[in-house]
Amino acid sequence: MNTDEAIMSALSPLFPGAVWPNNYTGKQLEYIVYNYSTIGQVYADGKPHIGKHLVQVHWFLPNGKNPSPGKLDISKALFDGGFSWPNIENASDKNGQHYVFECEYINGGAFYGHT
């Protein structure tokens, strides 16, 4: 399973139709946007064979909603989906709540040339 599939598989049950890579332009008030960068690991024959993905999951929700249950649900879903337990940063402002979940995902197998 690649990283995009792993993220979608972990989070789509919590936010059906509201999990998007990189950018969201819809009208839902609560949604997830994710991005990641990849670092090659375990080099052999001059190329990486495992990818370590540094993942950021951004959860946006309206001001006034209690985020505590959702923060735990998202953390558990990521962890159960094979990600490291995330660090959570509050990036909220006057326009709404925004929580950033930072974690890692290891993608082994035929990594070279794939993400």
Side-chain angles (χ1 to χ4, degrees):
M1 180 178 310
N2 70 35
T3 306
D4 291 292
E5 292 167 340
I7 293 169
M8 294 299 283
S9 177
L11 298 176
S12 289
L14 296 176
F15 300 93
V19 180
W20 299 91
N22 304 315
N23 187 23
Y24 176 69
T25 58
K27 297 182 184 210
Q28 292 177 284
L29 297 177
E30 187 171 350
Y31 58 92
I32 295 275
V33 174
Y34 68 88
N35 60 281
Y36 57 88
S37 57
T38 305
I39 300 171
Q41 305 282 297
V42 187
Y43 282 77
D45 299 324
K47 56 189 170 197
H49 289 269
I50 292 177
K52 177 169 77 171
H53 305 279
L54 307 175
V55 178
Q56 289 189 331
V57 171
H58 302 264
W59 178 35
F60 296 90
L61 63 156
N63 282 324
K65 182 171 180 178
N66 178 5
S68 295
K71 288 195 286 188
L72 182 58
D73 290 344
I74 292 168
S75 296
K76 283 178 162 179
L78 288 167
F79 188 73
D80 290 346
F83 296 81
S84 63
W85 191 267
N87 295 321
I88 304 172
E89 180 179 339
N90 186 341
S92 301
D93 60 22
K94 66 179 180 173
N95 296 317
Q97 296 183 74
H98 174 192
Y99 295 93
V100 183
F101 298 75
E102 296 179 323
C103 56
E104 295 180 1
Y105 182 71
I106 304 297
N107 185 3
F111 168 70
Y112 187 70
H114 304 281
T115 53

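The figures here come from the full heavy-atom set of this structure, side chains too, leaving out hydrogens, waters and symmetry mates.
Note that the OG atom of Ser92 and the CG atom of Asn63 stand 7.0 Å from one another [nearest 0.5 Å]. Glu89 contributes atom CD, which lies 9.5 Å from atom CG of Asn87 (distance to the nearest 0.5 angstrom). Met8 CE to Asn2 CG: the interatomic distance, rounded to the nearest 0.5 Å, is 11.0 Å. The structure places CD1 of Ile106 at 9.0 Å from CD1 of Ile39, a figure rounded to the nearest 0.5 Å. Here the straight-line distance linking atom CD1 of Ile32 with atom CD1 of Ile74 works out to 4.0 Å at 0.5 Å rounding.
No side-chain heavy atom of Phe79 sits under 4.5 Å from any side-chain heavy atom of Cys103. Between Val57 and Leu78 there is a side-chain heavy-atom pair separated by less than 4.5 Å. Inter-residue side-chain proximity for Pro48 and Gln41 is flagged as unmet; no heavy-atom pair is nearer than 4.5 Å. Looking at heavy atoms from C-beta onward, Leu54 lies out of side-chain contact with Tyr36 at the 4.5 angstrom threshold.
Put simply, Leu72 and Ile88 are part of two different groups of oily side chains (I, L, V, M, F, W, Y) that touch within less than 4.5 Å, one to the next. By the rule that hydrophobic residues join a cluster once side-chain heavy atoms approach within less than 4.5 Å of another member, Leu14 and Tyr24 end up as members of separate clusters. Trp20 is not connected to Phe83 by any chain of hydrophobic side-chain contacts under 4.5 Å among Ile, Leu, Val, Met, Phe, Trp and Tyr, and they are in different clusters. If you chain together hydrophobic residues whose side chains sit under 4.5 Å apart, Phe101 and Val33 never meet in one group.
Here the side chain of Ser84 pairs a donor or acceptor atom with the backbone of Glu104 at under 3.5 angstrom.
Here the closest non-hydrogen pair linking Phe15 and Val19 is O-CG2, 3.6 Å. Taking both residues in full, the closest heavy atoms of Pro13 and Ala10 are given as CD-O, 3.8 Å, listed atom of the first, atom of the second, then distance.
Under the 3.5 Å distance criterion, with hydrogens and angles disregarded, a donor-acceptor pair is assigned to the side chains of His53 and Thr38.
Screening Tyr34, Tyr99, Tyr31 for a ring pair (Phe, Tyr, Trp, His ring centres under 6.0 Å) involving Phe60 leaves a single residue, Tyr31.
Applying the salt bridge (Lys or Arg N to Asp or Glu O under 4.0 Å) rule to Glu30 yields the partners Lys65; only residues at least two apart in sequence or on another chain are considered. Listed by chain and number, the residues in a side-chain contact (heavy atoms from CB on, under 4.5 Å) with Gln56 are Asn35, His58, Val100, Glu102 (sequence neighbours excluded).
Screening residues 68-83 for side-chain hydrogen bond (donor to acceptor under 3.5 Å, both in side chains) gives Asn66-Ser68 as the qualifying pairs, with residues at least two apart or on separate chains.
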